[in-house]
Amino acid sequence: MGGAEAAAVRPVRGVDDLPELPGATRGAVVLRMAPFPSGALHIGNARMIVLNDYYRRKYDGKLLLVFDDTVGSEEKRVDAELFDVIRADLDRCEVPVDAVYYKSDRLPMHYAWAERVIALGATYVCLCPAATLQENRRAGIACAERAQPLGETHALWKKMLDGGFGPGDAVLRLKTDLAGPDPAFRDRVLFRISDLDHPRVGHRWRVWPLLEFSWAVDDIELGVTHVLRGKDLVMEDRMQRYLWDLLGIRGPPFVHWGLLRVREAKISKSKSYAEVKSGLYDGWADPRTWSLASLMRRGISVESVRAFTMSFGLSLADIEVPAETLYAENRVRIDPLARRRMYLDDPVEVVVDGFPPELTSVELPNHPDRPELGMRTVPAGGTFYLPRADVAAHPGETVRLKDLANLDLPARLPVSGPIRATFAGRENRRVPRLQWAGAAGVAQVDVLDLDGRHRQGLAEASMARAAPGDLYQFERVGFVRVESDWVPGTSPVRVCYGHP
RNA sequence: GCUCCCGUAGUCUAGUCCGGUCAAGGAUAUCGGGCCUUCGACCCGACAACGCGGGUUCGAAUCCCGCCGGGAGCACCA
């Protein structure tokens, strides 16, 4: 290496070097992740996980998992089953958490803080119907209750807590500037009433805080030093700061990232939820969910997802990236590990006239570049299965069974029965190369595809000796991973398609 | 409509805070070539970008103003 010249090369920031967090000190950083338990973690959540984990490690800090399980809404329900699913997802991603909290346990704390804010005269209990409230907010009009005396606010708040109001009848609102330029920020609702059954705490609470108020409380109470969240939550930052200013508290700084979408992954949490629950999807690891679990199932490693995510840094731009970018990231990691196998999607039987009888099998390397991965025996013989499309594409031509022998294909394919071809030597010729499986030894394979469908195909015999979790490259098809729950020795061998 | 954010090649991204070393770096895609009995991997090469218009300056991707384009928010969801 030319050392002197190397120094002149502009330093390129690697994926292991993201900007420092403001005011961060090693050993004194506390971060938190706050998933809403309504679905498994998916590729869209990767940034939250990877970035929080990255900074936690960078500063040797703590990472808290705080389930944002306030009661939600009719459209957005909490599902208790997802608490464990999400924790398993984090384990799978090798992201340990230092503590786990549930918002739904922390209501007394939220109420106590509410009293503090009420006492400041900064709030009022609004009795407007939701629609009226929104119209007034848009128009910048104060409703009658805004001027209510402090004593009345206290009384009405107590009435909310004591069950004197039905859902939707009263909310606690924060007084901001009604003439403020941003309509979204005007007199936000802090607490509302809901009778929805909560899977953890049932009907124990009926007055629930909204996200921004609960976090204004919890980020302080939990000692969070930096809030890392998507930029869809910037208005919530402002709310938290507003509340903290009101109470004379200096809260943690906020750091954001833009929305990340994978082009091929049209993620709909509600659709996934419905399909998983109905059984139409094969659980939360169904490839159609694009969940992190489903990516692992496909043989896409945690490291690949991490590198993929890190490459976007803390960019605030909303981006849409083709899945190919993730695949490319994974390919370089998976390629050295994946043993090569021949696989045929739509096999057709071909009998070869003049095939050398002594050529009953051939020894092939498991990996073209890594001899240390050993060899496998592929049964040959005079009868083969070949890809139908390839045979049809080369009528009357000479083709080569890869690594084995050349064949002359017939000009016309028979309507039924086996196709007859003629042996044409073993020398390596520059002719189309086909995958093949000797009829004397094949393994049935079931491939789970990205669209959730199963394809049945044939592979060379050695596939029968696969083990769960093994990675293979089906040559010219793509990388696959043997399903974790496949029982060795049973047929078909079940694999999940990964990517090209 | 209002508020905030963003705008570097097909797609991402570095650089923008502290203007010159950026006639703009990397990744991915695409196209060539090499290697190899894969359409995979690897190696070599090519293509290709600072949204537009003003201003400040000796000098602007970087600072200022205007415009245009894109996204998000304007929920008693998170």
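Residue numbering restarts at 1 for every chain, and letters A, B, ... go by the order of the sequence lines.
- Taking atom C1' on both B:rG55 and B:rA72, the two are 31 Å apart, rounded to the nearest angstrom.
- Note on A:Gln134: a side-chain N or O is less than 4.0 Å away from OP1 or OP2 of B:rC76.
- Across all strands, A:Val477 comes closer than 4.0 Å to no nucleic acid atom at all (heavy-atom distances).
- Atom C1' of B:rA60 sits at a distance of 29 Å from the matching atom of B:rU28, rounded to the whole Å.
- Distances shorter than 4.0 Å separate some side-chain N or O of A:Thr70 from OP1 or OP2 on B:rA78.
- A donor atom on one side chain and an acceptor atom on the other are found under 3.5 Å apart for A:Thr153 and A:Gln148.
- Following rounding to the nearest Å, A:Arg77 (CZ) and B:rA75 (C1') show an atom-to-atom distance of 17 Å.
- Remark: RNA chain B forms stems of 3 or more consecutive Watson-Crick or G-U wobble pairs, all pair distances under 3.5 Å, at B:1-7 with B:68-74, B:10-13 with B:25-28, B:30-34 with B:42-46, B:51-55 with B:63-67.
- Taking side-chain N and O atoms only, A:Arg173 has no distance below 4.0 Å to OP1 or OP2 of B:rA75.
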Sugar-phosphate or base contact per nucleotide [nucleotides 32-37 of chain B; S, B, -; heavy atom under 4.0 Å]
-----B
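- Atom pair A:Glu145:CD and B:rC76:P shows a separation of 15 Å (rounding to whole Å applied).
- Straight-line distance from the CG atom of A:Asp318 to the C1' atom of B:rA72: 6 Å, rounded to whole Å.
- You won't find any donor-acceptor pair under 3.5 Å spanning the side chain of A:Arg263 and the base of B:rU11, going by distance alone.
- Side-chain atoms of A:Thr398 and A:Asn406 include no donor-acceptor pair closer than 3.5 Å.
- B:rC58 and B:rC74 have their P atoms separated by 48 Å, with the value rounded to a whole Å.
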